[in-house]
Amino acid sequence: MILRKVWGSVWNRSNSGKDLVSHQRAMNHVPPPLLLSSSSSLGAFDQLPMDIIVQILMMMEPRDAVKLGLTCKAWKCVASGNRLWIFYLQCSQEPWDSIFFAETSLRSGYPLRMISSQSGELSFMHIYSQRAQVPGSIIIDGGSGYCKFGWSKYASPSGRSATFLEFGNIESPIYARLQQFFATIFTRMQVKPSMQPIVVSLPLCHFDDTESARASRRQLKTAILNVLFDMNVPAVCAVNQAVLALYAARRTSGIVVNIGFQVITILPILHGKVMRQVGVEVISFGALKLTGFLKEKMQENNISFQSLYTVRTLKEKLCYVALDYKDELSKDTQASVEVSGEGWFTLSKERFQTGEILFQPRLAGMRAMSLHQAVSLCMDHCDAAGLTGDDSWFKTVVLTGGSSCLPGLAGSITISSLFGNNQILIAYDLNFDT
């Protein structure tokens with residue numbers, strides 16, 4: 001029935017044929033389709049052009065395509081081709097470019113290496129079968145302000161909670177606090193720990209490359225793994241937050257700027273490994289200071305509010321970073337927004353003065369390194385270290401953390417942190433919920 005339907009629509013087409021599959025977006029990544037030898041036979045299908053045979057397979061279920069590949073060597077050659085299984089992968093929920101990045105850049109582990117797609121090393125039929133067997137993972141991102149959790153198959157978190165440090169008493173053992181922390185998340189997600197693999201981000205802490213700092217990082221990671229495996233979790237992947245942020249931008253090397261709740265960290269990462277020996281820059285204030293600064297400005301202007309949550313909401317919805325701070329002072333920047341339960345709020349210069357303290361901390365009465373100076377210093381250290389023959393690995397800057405979503409921030413860092421004549425690529429979160 002499928003054969004009649006397809007063959008009837010293309011009978012008048014030339015046997016040389018054009019590609020009928022409009023959604024083959026990544027064909028430049030894969031080897032050309034294999035040609036069958038004259039000794040091979042597809043039976044009655046020998047009369048059909050090859051692109052028609054592939055399209056027939058695409059109209060089938062993947063398991064039926066596998067069964068058809070068992071009939072003879074010729075069908076197996078067609079049914080196992082990358083072209084067919086790329087189509088199946090592209091039709092899945094996961095974005096195709098994410099799949100290709102994972103398979104070519106991350107699959108081989110550390111040290112990371114790019115696999116040439118023209119070498120035929122990747123079998124997308126094998127990749128599809130492996131991914132079809134693995135259920136969706138639970139992602140737990142433990143930030144310094146609050147924790148976000150959700151399913152890997154969705155683009156944004158499904159909920160948030162307090163961090164594990166806020167569970168139990170401060171004197172209670174870390175194991176007990178972690179156990180209560182993970183149990184709360186599993187309860188909220190309504191899943192059994194034994195049914196889902198977990199991806200958990202390791203908090204950015206103990207930044208130094210000293211022996212005591214390394215021991216503290218190992219102790220925290222071991223405690224997290226012990227708690228999860230004691231809860232019968234089938235598999236755990238524990239990765240540094242900054243590395244995961246870089247992977248999300250589809251990079252394995254670069255500089256990650258994390259605007260955390262309490263501090264800002266700038267970490268150089270090469271091939272998926274944090275290069276602490278090069279130098280991790282830490283700025284002694286974070287998103288909490290930005291919120292507090294906006295609160296002070298609102299109080300100075302007699303703008304009343306009920307809670308710090310209201311101030312944070314206004315920061316997220318109205319604040320931005322000006323490319324030219326002095327020029328912005330002379331403009332009319334007044335804007336209003338409604339906060340649920342509290343009514344309308346109108347801000348003016350506070351909108352860009354809040355984000356400006358990232359570049360001029362003295363405006364908030366702080367003696368600290370500015371954000372663009374810290375990024376430039378980290379780049380200088382990476383350049384001086386000479387870790388690779390190519391210095392382009394640290395020219396990608398990835399911004400993470402909720403406050404990294406302030407409009408104009410990426411452009412301000414680019415202008416302020418130009419490194420010689422080189423261009424800096426900046427990727428950042430799309431909104432405050434992701």
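Since the structure is predicted, the reported quantities are computational estimates derived from the model, not experimental observations.
Ring pair Trp96/Phe100 is tilted by interplanar angle, where 30° to 60° counts as tilted.
Judged purely by atom type and a 3.5 angstrom limit, Ser376 has no side-chain atom pairing as donor or acceptor with the backbone of Gln373. Distance alone, capped at 3.5 Å, is enough to place a donor-acceptor pair between the Arg351 side chain and the Leu318 backbone. Side-chain N or O atoms of Thr396 include none that pairs as donor or acceptor with a backbone N or O of Gly254 at under 3.5 Å. Within the 3.5 Å criterion, the main-chain N or O of Leu371 finds no donor-acceptor partner in the side chain of Glu281. At distances below 3.5 Å, not a single donor-acceptor pair connects side-chain atoms of Arg250 with backbone N or O atoms of Phe101. The backbone N or O of Phe124 lies less than 3.5 Å from a partner atom in the side chain of Asn82, making a donor-acceptor pair.
Between Arg276 and Glu211 no salt bridge is recorded (no basic side-chain N to carboxylate O distance below 4.0 Å).
Shown are Ile139, Asp141, Ile140; of these, the side chain to side chain contact (heavy atoms under 4.5 Å, CB included) with Lys148 is made only by Asp141.
In this structure the side chain of Ile259 never reaches within 4.5 angstrom of the side chain of Leu406, judged on heavy atoms. Between Val66 and Met125 there is a side-chain heavy-atom pair separated by less than 4.5 Å. Between Ser92 and Ile99, the closest side-chain pair of non-hydrogen atoms falls below 4.5 Å. Side-chain atoms of Phe285 and Leu358, non-hydrogen and from C-beta on, do get closer than 4.5 Å to each other. Side-chain contact between Phe394 and Asp383: present, with at least one pair of heavy atoms (C-beta onward) separated by less than 4.5 Å. At least one side-chain heavy atom of Phe186 sits under 4.5 Å from a side-chain heavy atom of Ile198.
Relative to the ring axis of Tyr146, Arg160 places its NZ or CZ within 45° and under 6.0 Å from the centre.
Among all heavy-atom pairs drawn from Phe181 and Ser161, the shortest one is CE1-OG, 4.0 Å. Residue Trp393 comes nearest to Cys382 through the heavy atom pair CH2-SG, 3.6 Å, listed as atom of the first residue, atom of the second, then distance. Contact record, Gln360 with Tyr325: NE2-CD2, 3.7 Å, taken as the closest heavy-atom pair.
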